[in-house]
Student: 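Sharing a structure below in structure tokens format, with a few things to ask.
Fair warning: this is a prediction, and the values are worked out from it, not measured in the lab. To find a chain, count down the sequence lines: A is the first, B the second, and so on, and within it residues start at 1.
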2 protein chains.
Amino acid sequence: MPEFFFDHKLYYTPIEFALEHIGGTWKMPILWRLQQKTLRYGELKKDIPHITHKMLASQLRELEEKGMITREAFAVVPPRVEYTITDKGRKAIPVIETIMKYGYEMMKEAGIEYPKR
Amino acid sequence: MPEFFFDHKLYYTPIEFALEHIGGTWKMPILWRLQQKTLRYGELKKDIPHITHKMLASQLRELEEKGMITREAFAVVPPRVEYTITDKGRKAIPVIETIMKYGYEMMKEAGIEYPKR
DNA sequence: CTGCATCCCCTGCGATACTG
DNA sequence: CAGTATCGCAGGGGATGCAG
């Protein structure tokens, strides 16, 4: 488990560095939606239950900065902004899938019924 | 992405539930060490660079509560306490491995040399 | 519709010190 | 050697309001 600096921040393990890209409550759910198709801000907002305006906006910005997604704004009124997953972002999909499956497994062990979608 | 209550806490996605078990800065590094063999508190402390006494103790307690590890205390002086991964804990290992590999991949993309451990 | 700023709370985590 | 308690800070994240 190496340790290193990146972008003025100290990381102790590759795990930490990985979670910098997909960690937090919302980054994985966002990437998960975008793997299927490009979505508008409002579509993401509707698709992801309980996410607040602030969190969606800030997480999208962070994902864009890290090159996980791209942002395309259209000069129309009302504004239309589309978010698309990048190749780099797609590399996270299998990881997210693994974590989700693990989550479902733990839910099952805990006796939590799969809410039907 | 279902939503449910468990243990007085609201979860929005299986991802959140998964991270409840292996999330945070230290749970994965701890489980990673224990997959090989049972370790004493002090051994873990030495093996995991930069972890503080407080965090190691608290994370061990949380992992124990979730049934990921077991704790065995020996009635000797000085005290001797050993931690062992459980079958449930072992289920997290492939997930951790996936995340670590992803972390290394991201490090490579970011131009970070593998510190030669 | 989308983005950005503000205020505020709560939690994770570090530092330190005391105990058996 | 291992555990617990206290203090304090920084950052994640919610609620709300304003702007183009």
Student: Tell me which nucleotide among C:dC13, D:dG14, D:dG13 gets nearest to the side chain of A:Thr52.
Tutor: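 Output: D:dG14.
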Student: Got a second to check how far B:Ile93's CD1 is from B:Met100's CE, nearest 0.5 Å?
Tutor: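 Going from CD1 on B:Ile93 over to CE on B:Met100, the span is 10.0 Å.
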Student: Can you name the nearest heavy-atom pair linking A:Phe6 to B:Ile112, along with the distance?
Tutor: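 Closest pair (atom of A:Phe6, atom of B:Ile112, distance): CD1-CD1, 3.8 Å.
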Student: Whole angstrom is fine here: how far is it from CD in A:Glu43 over to C1' in C:dC1?
Tutor: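 After rounding, the gap between these two atoms is 12 Å.
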Student: Starting from P on C:dG3, measure out to CD on A:Glu82 and report it in whole angstrom.
Tutor: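 In whole Å, C:dG3 P lies 12 Å from A:Glu82 CD.
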Student: Nearest-Å distance, CD1 (A:Ile48) to P (D:dG14)?
Tutor: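 In whole Å, D:dG14 P lies 12 Å from A:Ile48 CD1.
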Student: I'd like to know if the side chain of A:Lys45 and the backbone of A:Ile51 have a donor-acceptor N/O pair within less than 3.5 Å.
Tutor: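 Such a contact is found between A:Lys45 side chain and A:Ile51 backbone.
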Student: When you measure from the side chain of A:Pro79, which nucleotide among D:dA2, C:dG14, C:dC1 comes out closest?
Tutor: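 Ranking D:dA2, C:dG14, C:dC1 by closest atom to the A:Pro79 side chain puts C:dC1 first.
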Student: Is the side chain of B:Arg33 donor-acceptor paired with the backbone N or O of B:Asp47 at a distance under 3.5 Å, no angle test?
Tutor: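 Yes, because the side chain of B:Arg33 sits within donor-acceptor range (under 3.5 Å) of the backbone of B:Asp47.
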Student: Extract from the structure each pairing of a protein N or O with an N or O of nucleotides 3-7 of chain D at less than 3.5 Å, listing the distance.
Tutor:
from: D:dG3; atom 1: OP1; to: B:Arg71; atom 2: NE; distance (Å): 2.9
from: D:dG3; atom 1: OP1; to: B:Arg71; atom 2: NH2; distance (Å): 2.8
from: D:dG3; atom 1: OP1; to: B:Tyr83; atom 2: OH; distance (Å): 2.8
from: D:dG3; atom 1: OP2; to: B:Tyr83; atom 2: OH; distance (Å): 3.1
from: D:dG3; atom 1: N7; to: B:His53; atom 2: NE2; distance (Å): 2.5
from: D:dG3; atom 1: O6; to: B:His53; atom 2: NE2; distance (Å): 3.4
from: D:dT4; atom 1: OP2; to: B:Arg61; atom 2: NE; distance (Å): 2.9
from: D:dT4; atom 1: O4; to: B:His53; atom 2: NE2; distance (Å): 3.4

Student: More 5' along DNA chain D: B:Pro78 or A:His50, using each one's nearest nucleotide?
Tutor: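 Closest to the 5' end, via its nearest nucleotide, is B:Pro78.
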Student: What is the separation between atom CE on A:Met55 and atom C1' on D:dG11, rounded to the nearest whole Å?
Tutor: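 Computing the A:Met55:CE to D:dG11:C1' distance gives 11 Å.
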Student: Send over the distance from B:Ile51 CD1 to C:dA15 P, rounded to a whole Å.
Tutor: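 Atom-to-atom, B:Ile51 to C:dA15, this comes out as 12 Å.
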Student: Do the side chain of B:Thr86 and the main chain of B:Gly67 share a donor and acceptor less than 3.5 angstrom apart?
Tutor: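 Checked: pair present.
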Student: In whole Å, what is the span from the CG atom of B:Leu56 to the P atom of C:dG14?
Tutor: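 After rounding, the gap between these two atoms is 11 Å.
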Student: With ring centroids as reference points, do B:His50 and A:Tyr11 lie under 6.0 angstrom apart?
Tutor: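 Judged by ring-centre distance (under 6.0 Å), B:His50 and A:Tyr11 do not meet the cut-off.
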Student: Closer than 4.0 Å, any side-chain N/O of A:Arg40 to the OP1 or OP2 of C:dC1?
Tutor: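 Answer no for this pair, as no side-chain N or O of A:Arg40 is under 4.0 Å from OP1 or OP2.
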Student: Figure out the CG/C1' separation between A:Leu44 and C:dT2, and round it to whole Å.
Tutor: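 Those two atoms, CG and C1', are 12 Å apart.
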Student: Identify the heavy atoms of B:Ile22 and B:Met28 that sit nearest to each other, and give their distance.
Tutor: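 Looks like O-CG, 3.1 Å.
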Student: Tell me the interatomic distance from A:Tyr12, atom OH, to C:dG14, atom P, rounded to whole angstroms.
Tutor: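 So the two atoms are 7 Å apart, to the nearest Å.
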